Amino acid sequence: MKKGDHLFLVDGSGFIFRAFHALPPLTRKSDGLPVGAVSGFCNMLWKLLTDARDTSVGVTPTHLAVIFDYSSQTFRKDLYPEYKANRSAPPEDLVPQFGLIREATRAFNLPCIETEGFEADDIIATYARAAEAIGADVTIVSSDKDLMQLVTANVHMYDSMKDKQIGIPDVIEKWGVPPEKMIDLQALTGDSTDNVPGVPGIGPKTAAQLLEEFGDLDTLLSRAEEIKQNKRRENIIASRELVQISRQLVTLRTDVPLQLDLDALVLEPQDGPKLIGFLKTMQFTTLTRRVADATGAAAADVEPAEVAVEWGAAAHGPDLDAGEGGDAAAAGKASAPARDGAAGADGEGMRPSELAAARLAAFKDVPVDRSIYQTVRDIETLKGWIAAAREAGLVAFDTESTSLDPMQAELAGVSLALAGDAASPAPGDIRACYIPLGHKSGGDDLFSDGLKLVDGQVPMDEALALLKELLEDPSVLKVAQNLKYDYLLMKRYGIDTAPFDDTMLISYVLEAGIGSHGMDALSERWLGHTPIAFKEVAGSGKAQVTFDRVEIAKATEYAAEDADVTLRLWLVLKPQLAERGLVRVYERLERPLVPVLARMEERGVTVDRQILSRLSGELAQKAAAFEEDIYELAGERFNIGSPKQLGDILFGKMGLSGGSKTKSGQWSTSASVLEDLAAGGEPLPRKIVDWRQLTKLKSTYTDALPTYVHPETKRVHTSYSLASTTTGRLSSSEPNLQNIPVRTAEGRKIRTAFISTPGHKLLSADYSQIELRVLAHVADIPQLRQAFADNIDIHAMTASEMFGVPVEGMPSEVRRRAKAINFGIIYGISAFGLANQLAIERSEASDYIKKYFERFPGIRDYMDATKAFAREHGYVETIFGRRAHYAEIRSSNPSVRAFNERAAINAPIQGSAADVIRRAMVKIEPALKAAGLDDRARMLLQVHDELIFEVEDEAVDAVTPLVVEVMESAAMPAISMKVPLKVDARAAHNWDEAH
DNA sequence: ACGTACACCTA
DNA sequence: GTAGGTGTACGTC
């Protein structure tokens, strides 16, 4: 740098706050990411770089740097601990923009400067004085009064938002003192926003007047006695020392160690494509065009840049691995590229919530109208729809098929819905169509099975080829409701849908615990619209037909409406993720799991029908033997499986005492009641309990499981639900493979029927005590942390702490009680529950709990804090930011309230553990692939804290440690757990031996 | 044919 | 005491 050069110093941090509050809010059109300050920043920088000469600055910079605050821990905090202590957290909408503005700066090819321990103002002061010393001119792009002390003949400030240059006369005009007196003035007045103390009763006017009279602050303080006004004099004398501190606080340092010297700030030429890539990602269409024009870069050829968006979650949740691989591909694409020429009324300058409201308002003018849906009957029309969808970059789709089971279903048709450009969707302009592909008729004739394809349908293979182009197009966001179903169905037709959004999962992330997330419920809740019921279209009961037999006109109304409603829901729900800081939960913990689970479901697991058949026979025989004894003891034959009849026999006919009633007034015949009766010497109850166990195993497992074996794959394909628990756990159904017996020897035999393919093993890897580890982490309990760090028996340690019994030689009963208490804690303990569990008196259980809290006071603190949080917010959060809602926690009904409190205490623990294994599941396939093991090991099942793989025999030794490592480190890098996670893994030919 | 209560399987 | 799903019985429509 030399004399005559012109250095621009941009106060990045100041700009962010100013732009955020001064500019109208602006959100990225496709997803509602708040970008107002980023937009203001980019526009301002571009203007400075290209035509600063035309602004009130009147010169073009030769050097430029953007300066940011690094942290709030600066030397001023040491000087005066209360400095900036009144600052509250930045607004949620602003937080994601900090990182984006740094990204923007780099995209502009400009130095981005921050130094630990110093504020941006100090760095600016240091550069300004250094440049001035060389003889260069300086323009500080800021309007912050704290920087006005730097103004000289050669150093100006520039308020970019008002396009106003600030020189010495301007400072005098505004503050009544020249720049060099600004420090004295600020010391006297203090600064309420930075919590800098001042003299009470002295504002800028009085301060300027006093400085005018006495010349400077030191003189004023030494001659304060001369001040005539009593109150003012007393205040200044009383504040003398504080004013000295204030002066130090407001004085900018000019000796900050500089990472880059002045020469390094020289303006480099713009890298057009790099900048355009960033601007496209932000969807700043106007500026993109301007930059393209100015740099000669072809904007159309530039891909949107991958920008790690640190969305709102950072404000109060962990950074869920921004920049980590994860769902980046889907996320980057799902933010949809800005399209040239995209302009629109929708979303201009709106907060996400306003965007959602505006879209809802648009729907009011254009309600769902089933009469406008188009039936696509020829290939040209289909091509038209697909071209429009690809042009738009956004399409909602839904598949219609012959079965609720995506492994059995045959495709009947596909519906699409469009609402204009992805970057600027037009909610009031939704159109939708149905493409029938496999509708059939005939076959009613008893003497022929001649089902014939209905005329006027696009040939299935041609349509699929076109749909594949659309569904696999990386620049088109596909939106569906419960996409896992459609994903799996389309995958069976050779189509790998991506990128995508799922309205059901968005709703789940927003409102787990509030209502259900099915399409009909969401449509009622958000759109006030009731879609046609499936049974209206396909009938119900005996008269129900598969969708491919539905008349096409009727099918069009139903199917196209589903796509229409799905798109409307997306338009309303998606912006709310950003609004509530839940984007990363959605993008890291929900969306990427869809294809992972779809593949697991598609693979299925082999269940040996012969083993089950043999077991079933054994169980039938044993149960029959019990039946004879039971009838004998009861004195009559009755339906043992009927609790009502059984209750009448036991407590009526036989007159046994010690029974209890269920909430409907029936005699309870639960296992615990029967156990009590058996302990009293009655022979019948014991036999009932045993009979029940046998018949339960038979009906629910050995008889039911074989009916789920797929006719072609010969494997059992469960279905996982991503959105049916409040806590974030998955659930499994048809069949439920998450409740296969394990507790009793008899039950475990069921597990021997789950076997590996020849040449393979089943590998089971399960987290050890993950929920107690999570508890130790969130409640930060030293003894628990230590115990887990040392890998010692946690229940024995608890017993030892509570009862003072050494771990060595501890009676098993003592440990059992401690174990029950540990579990009780996780479940939001109550004396009633613990007493029930341990079959002890409630008062004794109460004493245990009291003792536990004395030994682990941090647990009680955690529970109280969780309850208070839930009461205040109506939800609780996992360590990864997932929310579980408990609306009834404020209920006036004490038992309802207590139930919600227990659930709210449990949810962060159970939910955090669920998040951990979700993360592991997302990471496992890429990890296997990276190790070249992806075609030798396949993840099949998840059972809350356990993953089951099918692994080639020769690959077991390589896969096992890899799986363990991925699972144990699954919380990283988003969360660094205070306790290690431990995973046990074993491989065997069947699930029983592997577990 | 469908919904609810009860019982019982899992983590 | 938390979170689920399924089978049977038995009521209603």
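Note: hydrogens, waters and symmetry copies are ignored here, and every other heavy atom, side chains too, is used. Each chain gets a letter, A, B and so on, in the order its sequence line appears, and its residues count up from 1. Being a predicted model, the structure only gives us computed values, none of them experimental.
At whole-Å resolution of the value, CG in Asn739(A) and P in dC8(B) are 14 Å apart. Going from atom CG of Asn822(A) over to atom C1' of dA11(B) covers 16 Å, rounded to whole Å. Here the P atom of nucleotide dT2(C) and the CG atom of Leu730(A) are 21 Å apart, to the nearest Å. The distance from atom CZ of Arg748(A) to atom P of dC9(B) is 13 Å, rounded to the nearest whole Å. Distance Lys867(A) NZ to dG1(C) P: 16 Å, rounded to the nearest Å. Spacing between atom CD of Gln666(A) and atom P of dA7(B) amounts to 9 Å, rounded to whole angstrom units. Taking atom CG on Leu772(A) and atom P on dA11(B), their separation rounds to 15 Å, with Å as the unit. One interatomic measurement links the two molecules: OH of Tyr701(A) to P of dT6(C), which rounds to 10 Å at whole-angstrom precision.
No hydrogens or angles were tested; on distance alone, nothing pairs the side chain of Gln738(A) with the base of dG4(C) as donor and acceptor under 3.5 Å.
Under the 4.0 Å criterion applied to side-chain N and carboxylate O atoms, Glu636(A) and Lys653(A) are assigned as salt-bridge partners. Between Asp690(A) and Arg692(A) there is no salt bridge, since no side-chain N of the basic residue sits under 4.0 Å from a carboxylate O of the acidic one.
OP1 and OP2 of dA11(B) both lie 4.0 Å or more from every side-chain N or O belonging to Thr727(A). Applying the 4.0 Å criterion to OP1 and OP2 of dA11(B), one finds that Arg729(A) has every side-chain N and O outside that range.
A side-chain donor-acceptor contact under 3.5 Å links Glu946(A) and His995(A). Side chain to side chain, Ser895(A) and Asn893(A) meet the donor-acceptor criterion of an N or O pair below 3.5 Å.
Secondary-structure stems of DNA chain B, taken as three or more successive Watson-Crick or G-U wobble pairs (i with j, i+1 with j-1) under a 3.5 Å distance threshold, comprise B:1-11 with C:2-12.
Aromatic pair Phe534(A)/Tyr558(A): ring centres closer than 6.0 Å. Aromatic pair Phe869(A)/Tyr875(A): centroids less than 6.0 angstrom apart. No close placement of the Tyr852(A) and Tyr848(A) rings is indicated, their centers lying 6.0 Å or farther apart.
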For this session: Please test Phe626(A) against Trp691(A) for ring-ring contact (aromatic ring centres under 6.0 Å, His included), starting from the C-alpha separation and ending with a verdict.
Result: CA-CA 6 Å; Phe626(A) 275 104; Trp691(A) 178 87; 9.1 Å; no
Exercise. Going through the distances and angles, do Arg882(A) and Glu511(A) end up as a salt bridge (Lys or Arg N to Asp or Glu O under 4.0 Å)?
Worked result: CA-CA 10 Å; Arg882(A) 174 191 299 284; Glu511(A) 298 199 317; over 6 Å; no
For this session: Show your working on side chain to side chain donor-acceptor pair (under 3.5 Å) between Arg715(A) and Thr606(A) and close with a plain yes or no.
Result: CA-CA 5 Å; Arg715(A) 288 164 76 99; Thr606(A) 299; 3.0 Å; yes
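Among the heavy atoms of the strands, none lies under 4.0 Å from Thr695(A). Across all strands, Ala671(A) comes closer than 4.0 Å only to sugar-phosphate atoms, never to a base (heavy-atom distances). Nucleic acid contact class of Ser731(A) (heavy atoms, under 4.0 Å, all strands): sugar-phosphate only. Base contact: Gln837(A) has a heavy atom under 4.0 Å from a base atom. Among the heavy atoms of the strands lying under 4.0 Å from Arg902(A) are primed sugar atoms or P, OP1, OP2 only; no base atom is included. Across all strands, Thr726(A) comes closer than 4.0 Å only to sugar-phosphate atoms, never to a base (heavy-atom distances). The residue Leu697(A) sits apart from the nucleic acid: no heavy atom pair falls under 4.0 Å. Ala820(A) comes within 4.0 angstrom of a base, heavy atoms only. Across all strands, Leu834(A) comes closer than 4.0 Å to base atoms (heavy-atom distances).
Open room surrounds CZ on Arg609(A); 12 or fewer heavy atoms of other groups in view lie less than 6.0 Å from it.
When distances are taken from the side chain of Asn836(A) to each of dT2(C), dG1(C), dA7(B), the shortest belongs to dG1(C). Of the candidates dG5(C), dA3(C), dA11(B), the closest approach to any side-chain atom of Tyr886(A) belongs to dA3(C). Of the candidate nucleotides dC8(B), dT2(C), dT10(B), dT2(C) has the atom lying nearest to any side-chain atom of Gln910(A). Checking dG5(C), dC6(B), dC2(B) against every side-chain atom of Ser664(A), the shortest atom distance belongs to dC6(B). Considering only the side chain of Ser733(A), dT6(C) comes nearest among dC6(B), dT6(C), dT10(B).
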Problem set entry | Heavy-atom protein contacts under 4.0 Å, nucleotides 7-13 of chain C, coded B base, S sugar-phosphate only, - none | SSSS---
